[in-house]
Every structure is written in C-alpha cells, then in structure tokens.
Chemist: 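Supplied in structure tokens, the structure appears directly below.
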There are 2 protein chains.
Amino acid sequence: MNYSISEENYIKAIYHLQGESGTVTTNALAEKLSTKAASVTDMMKKLSAKKLLNYKPYYGFTLSTEGKKVALFIIRRHRLWEFFLSQKLGFDWEEVHQLAEELEHVSNKVLIDRLDEFLGFPPFDPHGDPIPDSKGRIASRNNLPLSLLPKNKPGIVCQVTNQSAEMLELLKHKSIGIGTKLEVRKHFPFDQSLELKIKKQIVTISEQLAKNIFVTYDENAN
Amino acid sequence: MNYSISEENYIKAIYHLQGESGTVTTNALAEKLSTKAASVTDMMKKLSAKKLLNYKPYYGFTLSTEGKKVALFIIRRHRLWEFFLSQKLGFDWEEVHQLAEELEHVSNKVLIDRLDEFLGFPPFDPHGDPIPDSKGRIASRNNLPLSLLPKNKPGIVCQVTNQSAEMLELLKHKSIGIGTKLEVRKHFPFDQSLELKIKKQIVTISEQLAKNIFVTYDENAN
DNA sequence: TTTAAAATTTAGACAAATCTAAAAAATGAC
DNA sequence: GTCATTTTTTAGATTTGTCTAAATTTTAAA
Ligand SMILES: [Mn+2]
Ligand SMILES: [Mn+2]
Ligand SMILES: [Mn+2]
Ligand SMILES: [Mn+2]
C-alpha cells in the first residue's frame with residue numbers, strides 16, 4: 001500500500017510509456033528513467049512480486065489493474081502540485097514539472113484531497129493534462145490535434161503532449177500557451193508545416209510542434 | 001550542499017536537542033529518532049566528515065555553524081508548510097506536524113521563498129514557533145511563560161513548546177490555542193497549578209501544562 | 001582506587017537501489 | 001534454419017542506512 005520514491009518513479013514511467021495498453025520494454029524504461037537495463041529488471045521483479053505488474057521475462061511488462069490505480073494516484077499528486085505551483089506560487093509552466101517530481105511523493109490522501117479542494121478541483125494541469133479525481137477518474141475532452149483543426153476556424157490550445165524544456169521554450173517563443181486562441185491559415189503538404197494566426201500575428205510552426213499541440217474546437221460556433 | 005532525508009532528520013533533531021548550545025548525547029538522539037545508538041554513531045561520522053558537526057567520540061556532538069544553517073533551513077521549510085496546511089488547507093494544529101515532516105524534505109530554495117511570499121511572510125507557525133526567514137533569521141518576541149504572567153492581567157497565548165499529540169489534545173479540551181486571551185486568577189503553591197479565566201470560564205491547568213504555554217503581555221496595557 | 005554499570009563505538013550482517021560485466025534468450029538477416 | 005546481433009537477465013560489487021551483538025570507554029559507586 002505504500003511505495004518507495006524509486007518504486008513510484010518506475011510505476012509512473014511505465015504508465016506513461018504503455019499509454020493505451022502497449023507493452024513496455026526494459027530498454028525503453030531504462031532510457032526514460034536514465035538508468036540501466038539491469039536496474040530495471042531488478043525493479044520489475046520487485047513490482048511483479050507486489051502484483052503491480054504483468055511481467056513475462058524477456059517479453060516486457062504492463063501495469064496490472066492495481067498498478068494502474070497506483071500510477072493514477074501518483075499522477076494526481078503530480079498534476080495537482082503543478083497546478084498549485086503555477087496558479088498560487090506563480091511559477092512558469094516549464095518550471096513546475098521538476099518541482100512536482102519531488103512533491104508528488106508526499107502521498108497522504110487527505111492532504112491531496114484538501115489540496116484539490118483548495119485549488120477548486122481543477123480538471124487540467126498547466127500543460128493541459130487531465131488531473132485524476134480522488135477516485136482516479138480522468139475527465140475526457142474532445143481534443144483535436146492542431147493538424148486536424150479546419151482552416152480559418154478558431155481553436156483554443158488546451159493541451160501540449162510533450163513537456164520537454166526544448167518544446168516549452170519554442171512554444172513560449174511563438175507565444176503559444178494553454179488557452180491561446182488561434183486559427184490555421186495555411187497548411188503546406190511538402191513538410192506539413194502550418195501558418196497560424198495568433199492575435200493578429202502570423203506564426204509558422206513545424207509538423208513536429210503541431211503534432212504535440214491539441215485544441216478544442218466548437219463545431220457549432222460561428 | 002544537498003542532504004538525504006535521513007541526514008536532514010538527524011540534523012533537525014540535533015538542533016532541537018541542543019537548544020542553546022548544549023551538547024547532545026548518542027542515546028538522546030537515538031531516542032528522539034526512534035533508532036539505535038549504533039545507527040546514530042554511524043550517522044555522526046558521516047555528518048562529521050561533512051563538517052556539519054563538532055564531534056568528539058564518546059563525548060557527544062553539537063552542530064557546527066554550517067550545520068546550524070542547514071538546520072534552520074529545514075525548520076523554515078517545516079514551519080512554512082505547517083502554516084500552509086493550517087491556513088490554506090484547514091488542517092488542525094495537531095495534524096500539521098506529521099504532514100510537514102514529509103514536505104520539509106522538498107528543499108528547493110526558490111519554491112520555499114515563493115511559498116513564504118504566498119503565505120504573507122508569516123513570522124510564526126501554527127504552534128507559535130518562529131519561522132526562520134530566507135536568510136535563516138528568527139524573529140524574537142517578548143515571550144512570558146504562563147507561570148510568570150501577573151495575576152489578573154490579560155495575556156495572549158502565543159506559543160506552546162511541546163507539540164505532542166497528548167499535549168495538543170489537552171489544550172484543545174481546555175479551549176486553549178494560539179491567540180487565546182486569558183488571565184491567571186489563582187496560583188496554588190502546593191502543586192503550582194493555575195486557575196485561568198478564559199472567555200468568562202474558569203479553567204484549571206497543571207504545572208506541566210503551564211510550563212509549555214507562553215503568552216505575550218503588554219505591561220503598558222490597562 | 002578499584003570495579004561494576006552505563007554509554008558509546010566497532011564489527012559484522014542485511015535490505016534497498018544502483019552499477020558493470022558476463023551469460024542467456026530472442027530476433028532478424030542470410 | 002543457422003548464426004550474428006540485439007535485448008534482457010543474472011552475477012557480483014557498491015553505497016546508504018539500518019540492525020544486533022560484542023568490544024571499548026566513561027562514569028560513578030563502593
Ligand atoms: Mn518523481
Ligand atoms: Mn503536467
Ligand atoms: Mn522529516
Ligand atoms: Mn510547528
């Protein structure tokens with residue numbers, strides 16, 4: 001019922017790597033955690049013994065139902081602290097992740113539920129990622145990758161699915177953040193780059209960047 | 001410059017035990033940390049090597065100047081989080097200590113300074129203990145142990161110097177908290193017990209309890 | 001001043017988490 | 001299908017923090 005910081009970091013990393021039920025490999029996890037394959041195997045045995053994993057040696061692993069539950073509670077903590085750091089302490093969205101990496105391991109349930117309440121039960125974190133509620137449920141949203149936003153229809157940025165320093169630096173430079181209103185003006189099939197209108201400015205972004213930006217778009221709006 | 005959770009717990013415990021420059025013994029520290037004397041000796045060697053301690057084998061130890069600085073920063077974190085938990089999340093003063101025990105180990109300086117600012121630079125925590133500022137300075141206050149409060153002069157409880165669950169339970173029962181206004185009505189030399197007037201009620205407290213309650217008293221007030 | 005008791009340190013062991021290097025298993029090119 | 005390459009696991013070591021039991025040092029009583 002109570003896991004070490006190291007165990008929690010592994011569980012969370014597996015959750016993110018496996019996405020919608022894919023199997024995770026030893027090397028991929030080692031890479032993600034900046035550790036060695038041998039260390040991963042050791043930890044997989046341990047998490048397996050604790051029934052958090054479906055693990056078949058040599059063939060990778062996925063989280064068990066219990067493992068997913070644990071992961072969602074870690075992610076809940078992480079994203080609530082990110083929201084707190086951003087909204088209450090005024091940190092930029094590229095700073096909050098590192099700090100939340102530490103705070104997420106303080107795992108008292110009542111503390112987290114009170115924090116949630118204090119923050120007004122935010123459904124999304126500063127990067128637009130959903131915050132699991134106290135039961136581990138995640139709000140869904142009709143997201144659209146920027147590449148599928150119809151031309152000349154206003155969309156609002158609601159999520160960025162890569163939060164590397166490099167990505168966030170680029171977004172900042174282009175004045176794109178959560179809540180930014182924009183329209184696609186041009187799409188160049190040669191390299192899939194896009195020209196956007198943002199606050200009366202024309203901004204060009206690459207395919208790689210566009211792939212990581214999601215928008216909401218009200219089809220019934222004018 | 002960066003210390004493990006275990007090291008931090010030892011440093012803080014030494015700080016509290018040594019008070020105003022007393023020497024701390026191996027057994028006292030083991031007791032305080034619910035560990036064994038042998039473990040303490042091991043850690044003392046380590047902290048000594050890091051120049052955080054003045055350590056003479058068999059004769060106890062005190063924190064070095066650097067060690068005190070580290071201790072004050074840990075205590076700053078602890079008390080700021082206690083204040084946050086109490087004021088923002090609505091926890092009772094007997095609950096905040098345990099939670100702060102974990103949060104105190106998240107040691108990013110900018111985070112703590114921003115938290116301090118967010119909270120309005122509180123000088124005292126929910127138990128009335130002073131919160132070191134970002135330079136490690138502690139506000140002083142003309143405190144008076146309740147036993148020295150002149151009879152029939154109003155005092156305001158500003159600090160309780162024992163925060164055991166037992167003590168806080170008793171205080172709650174007697175409706176005494178930080179900010180409580182009271183007057184000493186009677187003092188019984190036989191057992192040093194006191195009769196207090198609190199909001200028109202007469203309350204009796206023991207010597208042990210009185211010793212841990214400190215009040216402010218304005219000599220110039222009427 | 002001797003000696004028994006108490007306090008402290010040392011010795012040796014163990015669990016957790018990590019690493020490097022070697023062995024074993026799976027995979028894919030031929 | 002064989003075999004070299006890649007991936008994964010195992011073996012053995014290391015660091016941190018802890019423990020018990022034994023040895024050492026201090027202390028305080030007789
Ligand atoms: Mn983490
Ligand atoms: Mn996030
Ligand atoms: Mn602690
Ligand atoms: Mn306190």
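On a predicted model such as this, the values are computed, not experimentally measured, just so you know. Letters A, B, ... are given to chains in the order of the sequence lines, protein chains preceding strands, and every chain is numbered from 1.
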Chemist: Identify, with sequence neighbours excluded, every residue that meets side chain to side chain contact (heavy atoms under 4.5 Å, CB included) alongside B:Asn143.
Modeler: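 In terms of side chain to side chain contact (heavy atoms under 4.5 Å, CB included), with neighbours along the sequence ignored, B:Asn143 is linked to B:Arg141, B:Cys158, B:Gln159, B:Phe214.
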
Chemist: Mind calculating the distance between CE (A:Met43) and P (C:dA15) to the nearest angstrom?
Modeler: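 To the nearest whole Å, that distance equals 16 Å.
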
Chemist: In a table with atom names and distances, give each donor-acceptor pair under 3.5 Å that connects a side chain of residues 165-177 of chain A to protein atoms at least two apart or in another chain.
Modeler:
{"unit_1": "A:Lys172", "atom_1": "NZ", "unit_2": "A:Asp92", "atom_2": "OD2", "d": "3.4"}
{"unit_1": "A:Lys172", "atom_1": "NZ", "unit_2": "A:Glu94", "atom_2": "OE2", "d": "3.0"}
{"unit_1": "A:Lys174", "atom_1": "NZ", "unit_2": "A:Thr204", "atom_2": "O", "d": "2.8"}

Chemist: Between A:Asn27 and D:dT6, does any side-chain N or O lie under 4.0 Å from OP1 or OP2?
Modeler: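 The answer is no; no side-chain N or O of A:Asn27 sits under 4.0 Å from OP1 or OP2.
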
Chemist: What distance separates A:Glu101 CD from B:Asn108 CG, expressed to the nearest 0.5 Å?
Modeler: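 CG of B:Asn108 is found 13.0 Å from CD of A:Glu101.
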
Chemist: Within the pair A:Lys36 and C:dT18, is there a side-chain N or O less than 4.0 Å away from OP1 or OP2?
Modeler: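 For C:dT18, neither OP1 nor OP2 has a side-chain N or O of A:Lys36 closer than 4.0 Å.
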
Chemist: Pairs of donor and acceptor atoms involving the side chains of residues 48-57 of chain A, under 3.5 Å and at least two apart or interchain, shall be tabulated with distances.
Modeler:
{"unit_1": "A:Lys50", "atom_1": "NZ", "unit_2": "A:Glu7", "atom_2": "OE2", "d": "2.6"}
{"unit_1": "A:Asn54", "atom_1": "OD1", "unit_2": "A:Thr62", "atom_2": "OG1", "d": "3.2"}

Chemist: Listing time: all N or O pairs from protein to nucleotides 10-16 of chain D that are below 3.5 Å?
Modeler:
{"unit_1": "D:dT10", "atom_1": "OP2", "unit_2": "A:Lys45", "atom_2": "NZ", "d": "2.8"}

Chemist: Whole angstroms only, please: what is the CE-P distance between A:Met44 and D:dT9?
Modeler: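 Those two atoms, CE and P, are 9 Å apart.
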
Chemist: Quick one: list whatever passes side chain to side chain contact (heavy atoms under 4.5 Å, CB included) with B:Lys32, sequence neighbours left out.
Modeler: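 Counting only residues at least two positions away or on another chain, B:Lys32 forms a side chain to side chain contact (heavy atoms under 4.5 Å, CB included) with B:Ala13, B:His16, B:Leu17.
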
Chemist: Under the ring-ring contact (aromatic ring centres under 6.0 Å, His included) test, which residues partner A:His97, sequence neighbours left out?
Modeler: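 Here the qualifying residues are A:His78.
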
Chemist: Looking at C:dT18, I'd like to know if its phosphate oxygens (OP1 or OP2) sit under 4.0 Å from a side-chain N or O belonging to A:Ser6.
Modeler: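 True: A:Ser6 side-chain N/O within range (under 4.0 Å) of C:dT18 OP1/OP2.
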
